[in-house]
2 protein chains.
Amino acid sequence: MPEHALPYRPHNHQACVTQALADARSICRQANARLTPIRERVLELIWQSHKPLGAYDILAKLGSDGHSSAPPTVYRALDFLLQYGLIHRIASLNAFVGCAHAGERHRGTFLICRTCGTVLELTMPDLMQAIETAARTEAFQPDDVTLEVAGLCPQCQGDHHHD
Amino acid sequence: MPEHALPYRPHNHQACVTQALADARSICRQANARLTPIRERVLELIWQSHKPLGAYDILAKLGSDGHSSAPPTVYRALDFLLQYGLIHRIASLNAFVGCAHAGERHRGTFLICRTCGTVLELTMPDLMQAIETAARTEAFQPDDVTLEVAGLCPQCQGDHHHD
DNA sequence: CAAAGTTTGAAACATTATAACATTTGCGGA
DNA sequence: TCCGCAAATGTTATAATGTTTCAAACTTTG
Ligand SMILES: [Zn+2]
Ligand SMILES: [Zn+2]
Ligand SMILES: [Zn+2]
Ligand SMILES: [Zn+2]
């Protein structure tokens, strides 16, 4: 199995979180953008696992922090994190997941396990290029691509006792 | 411009609708599925244009038919039409559009104009194959692909006076 | 016709997202 | 330092999208 299929296997996930937060701080510093406590906390919550989190899940977790809030607080933090490429929105799930390639200019492809919910983000520049080329062939000017693949992750294949 | 980029240009759209309904009847007959009046009416409403329609838009149009209904009526009809491949759900818009290739086994790629809302459905078997192969390379078993490209359609490029 | 299965009706509810406006906070210039 | 602005957050309400549940009507089949 390729090395970057990490999320499916037991791994030191705290390292993912730490890395993501460090990257985020660095990216925001360079962009002169303010990674405020709320924004950082939302990012950290999203990174609690490799399963996308809904806005209201985040809201609930903020609540159990004691740090109670309303939906706009969360959506504003999410907008910020999206804007700086620190998270991705998974359109087919209405949920958000940490970007595994923050700082690299890229378009993500997401492999979404129907059983366990885990998402693996791939970058496939050649494929994305081919998609954009196909769009231009129709005289269409592409500016955003949503590419999400639903199915079964390696761990969940053959498991007939779903969790 | 390729011939199948029809939706962008003026065309005899009634022919699209008529064809879609005829195809639907034929497909349902063969599958021994019941294309009831409600289901057919919802399909017809979706085909009123090449712009995806939200479930509640459909509900409102059913209402102005006099034929008043509640959300489950619409969602049930949509589920049926999805099941038989007569429509597609556009995940990035939470909306539904008629399938331009009903009856052909395919996965659609959707070019969505941000300005006018028109959607063109392409089939790109080689690209889809490449995507699935990439997924399998990660030991992932794909069973559904969402591929949606947002941007500007040919008609809307250079238009700075949006409708 | 009677039984069983499918489709529709209807009411309530759940989830996801935004609008509008008030308040606070951070930051640069007088 | 302190004023003034812009950005960020708080607060309330509301909009938009989707589901659950149970009852009634209709279809199919024996
Ligand atoms: Zn991890
Ligand atoms: Zn990413
Ligand atoms: Zn048409
Ligand atoms: Zn199609």
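Lettering follows sequence order; numbering is per chain, from 1.
A nucleotide of DNA chain C counts as in contact with chain A when one of its atoms lies under 4.0 Å from a heavy atom; the first and last such, 5' to 3', are C:dT16 to C:dG26. Scanning DNA chain D 5' to 3' for nucleotides with an atom closer than 4.0 angstrom to a non-hydrogen atom of chain B gives a first and last hit of D:dT17 to D:dT27.
A heavy atom lying under 4.0 Å from DNA chain D marks the following residues of residues 22-49 of chain B, by number: B:Arg34. Looking at residues 85-94 of chain B, you'll see that no heavy atom sits under 4.0 Å from any atom of DNA chain C.
Residue pairs meeting the salt bridge (Lys or Arg N to Asp or Glu O under 4.0 Å) criterion with at least one member in residues 90-111 of chain B, sequence neighbours excluded: B:Arg107-B:Glu132, B:Arg107-B:Asp144. Sorted by first and then second residue, the side chain to side chain donor-acceptor pair (under 3.5 Å) pairs involving residues 87-97 of chain B (not counting sequence neighbours) are B:His88-B:His106, B:His88-B:Glu121, B:Arg89-B:Asn94, B:Ser92-B:Glu148. Among pairs with a residue in residues 116-147 of chain A, none fulfils ring-ring contact (aromatic ring centres under 6.0 Å, His included), at least two apart in sequence or across chains. Within the structure, every pair that satisfies the salt bridge (Lys or Arg N to Asp or Glu O under 4.0 Å) test and touches residues 56-66 of chain B, not counting sequence neighbours, is listed here: B:Arg41-B:Asp65. Within the structure, side chain to side chain donor-acceptor pair (under 3.5 Å) pairs that include any residue of residues 67-82 of chain A do not occur (at least two apart or interchain). Counting only residues at least two apart or in different chains, salt bridge (Lys or Arg N to Asp or Glu O under 4.0 Å) contacts with residues 109-120 of chain B comprise A:Asp143-B:Arg114.
Each of A:Arg76 and A:Tyr56 has a nearest nucleotide on DNA chain C; the 5'-most of these lies closest to A:Tyr56.
Residues passing the side-chain contact (heavy atoms from CB on, under 4.5 Å) test with A:Thr109 are A:Leu122, A:Met124, A:Met128, A:Leu147, sequence neighbours excluded.
Side-chain contact between B:Leu81 and B:Cys99 is absent, with no heavy atoms from C-beta onward closer than 4.5 Å. Counting heavy atoms from C-beta outward, B:Leu152 and B:Thr115 have side chains that approach closer than 4.5 Å.
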Please tabulate, one pair per line, all N/O donor-acceptor pairs under 3.5 Å involving side-chain atoms of residues 10-18 of chain A, not counting sequence neighbours.
residue	atom	partner	partner atom	Å
A:His11	ND1	A:Arg9	O	2.8
A:His11	NE2	A:His13	ND1	3.3
A:His11	NE2	A:His50	NE2	3.2
A:Asn12	OD1	A:Gln14	N	3.3
A:His13	ND1	A:His50	NE2	3.1
A:His13	NE2	A:Trp47	O	2.6
A:Gln14	NE2	A:Thr18	OG1	3.3
A:Thr18	OG1	A:Gln14	O	2.9

